[in-house]
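Order of appearance sets the numbers: ligands from 1, and atoms from 1 within every ligand. Quantities reported herein were computed from a predicted structural model and do not represent experimental measurements.
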Amino acid sequence: MTTLVREANEFYQRCNHQRIEGKSIAFVPTMGALHHGHLELVRLAKEQADICVVSIFVNPTQFGPKEDLALYPRTLDKDLERCTNAGVDTVFAPTVQSMYPQGYQTTVSVPKLATVLEGQFRPGHFDGVCTVVLKLFNLCGPCTAVFGRKDYQQFKIIERMVQDLNLPVSLIAAPIVRDRRGLALSSRNAYLDEKAYKRACAIPQALLETAKAFAVGQKDPQKALAQAKVILQENMDKIDYFGMFDPENMTELSGSAFKGAVVAFAGYLGQTRLIDNMVLGETLWTCT
Ligand code: AMP
């Protein structure tokens with residue numbers, strides 16, 4: 001049975017104790033409303049270490065004032081059951097007050113990587129992410145941490161932070177888990193009704209179109225993206241960005257498309273903001 005820990009200090013002590021006993025720890029930070037994408041991170045984590053710990057914390061500092069913090073799905077009981085079934089040792093689900101007690105003022109920033117793409121449309125988002133992830137790493141201690149490539153830019157930023165601050169953490173980037181129609185699993189998919197869900201499936205379809213264009217030799221990013229853009233414009237209510245990006249600095253490609261470049265999307269269906277991405281040259285998913 002998974003142990004639920006709500007206090008930061010208790011989480012720190014528990015992880016420390018386990019390491020003293022000689023156990024290695026793999027850590028999966030999440031915001032909860034766990035789905036198979038998260039559980040895949042847990043499965044990978046368990047391959048890496050003796051013990052898997054999961055954090056569940058809807059981090060207020062990474063939400064903008066007009067974003068869905070209040071609405072964000074919170075399903076702790078169900079999450080705990082899923083973690084127990086998946087063989088998670090500890091779930092750390094702190095209160096906001098214990099993570100950000102009165103007087104709190106420190107922020108961690110990875111300024112260049114954090115101001116493009118997601119950062120441009122969600123100012124301050126990655127400062128919130130980095131700050132909470134660093135706090136969680138400090139509490140967990142030396143570990144292997146598993147993140148999903150669904151949040152590609154987030155992974156790059158955390159990788160930079162770990163390197164820049166000499167954190168005793170090895171990172172693993174897990175592939176995106178998709179449903180049978182190709183839609184990337186997300187806690188926010190719960191907001192979609194049937195009609196919106198069908199339109200959301202245009203996102204993986206657009207990514208596949210781009211991959212196909214690249215696979216048949218189209219190296220001009222704008223030409224490779226053209227058909228996909230039409231699909232997205234027909235289905236999305238608003239597109240924040242859709243383009244081809246350099247995986248090192250997350251800036252838009254100025255020259256030719258290349259294997260390893262990232263095709264990334266962010267946009268809205270109604271009030272629901274969805275993101276997805278694909279790495280050119282990687283094995284593609286199939287839809288049924
Ligand atoms: P979240 O709870 O949305 O903050 O996500 C927690 C972790 O799960 C992050 O590292 C995400 O990138 C990862 N994740 C979310 N959805 C997926 C998915 N469909 N496939 C793989 N990883 C995912």
S.K.: Would Ser109 and Asp127 count as a side chain to side chain donor-acceptor pair (under 3.5 Å) if you check the C-alpha gap in whole Å, the side-chain angles of each, and the deciding distance to 0.1 Å?
M.R.: CA-CA 5 Å; Ser109 189; Asp127 288 1; 3.0 Å; yes
S.K.: What's the verdict on side chain to side chain donor-acceptor pair (under 3.5 Å) for Asp89 and Gln18, showing C-alpha distance, side-chain angles and the deciding distance?
M.R.: CA-CA 11 Å; Asp89 179 82; Gln18 274 159 344; 3.0 Å; yes
S.K.: Among side-chain atoms of Lys229 and Gln222, is any donor-acceptor pair under 3.5 angstrom?
M.R.: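 Present: a donor and an acceptor within the cut-off.
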S.K.: Does Thr272 use its side chain to pair, donor to acceptor, with the backbone of Tyr268 at less than 3.5 Å?
M.R.: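 Not a single qualifying donor-acceptor pair exists.
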S.K.: What are the atom names and distances for all N or O pairs under 3.5 Å between ligand 1 and the protein?
M.R.:
residue	atom	partner	partner atom	Å
ligand 1	2 (O)	Met31	N	2.9
ligand 1	2 (O)	His38	NE2	2.9
ligand 1	5 (O)	His38	NE2	3.4
ligand 1	10 (O)	Gly148	N	2.8
ligand 1	12 (O)	Gly148	N	3.3
ligand 1	12 (O)	Gly148	O	3.1
ligand 1	12 (O)	Asp151	OD2	2.6
ligand 1	16 (N)	Leu185	O	3.3
ligand 1	19 (N)	Val177	O	3.0
ligand 1	19 (N)	Leu185	N	3.4
ligand 1	19 (N)	Leu185	O	2.8
ligand 1	20 (N)	Val177	N	2.8

S.K.: Could you check Thr131, Thr61, Thr95 and say which one makes a side-chain hydrogen bond (donor to acceptor under 3.5 Å, both in side chains) with Tyr100?
M.R.: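 So the option named by the test is Thr61.
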S.K.: Under 3.5 Å, is there a donor-acceptor pair between the side chain of Ser98 and the main chain of Pro94?
M.R.: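 Pair absent, no side-chain N/O of Ser98 close to backbone of Pro94.
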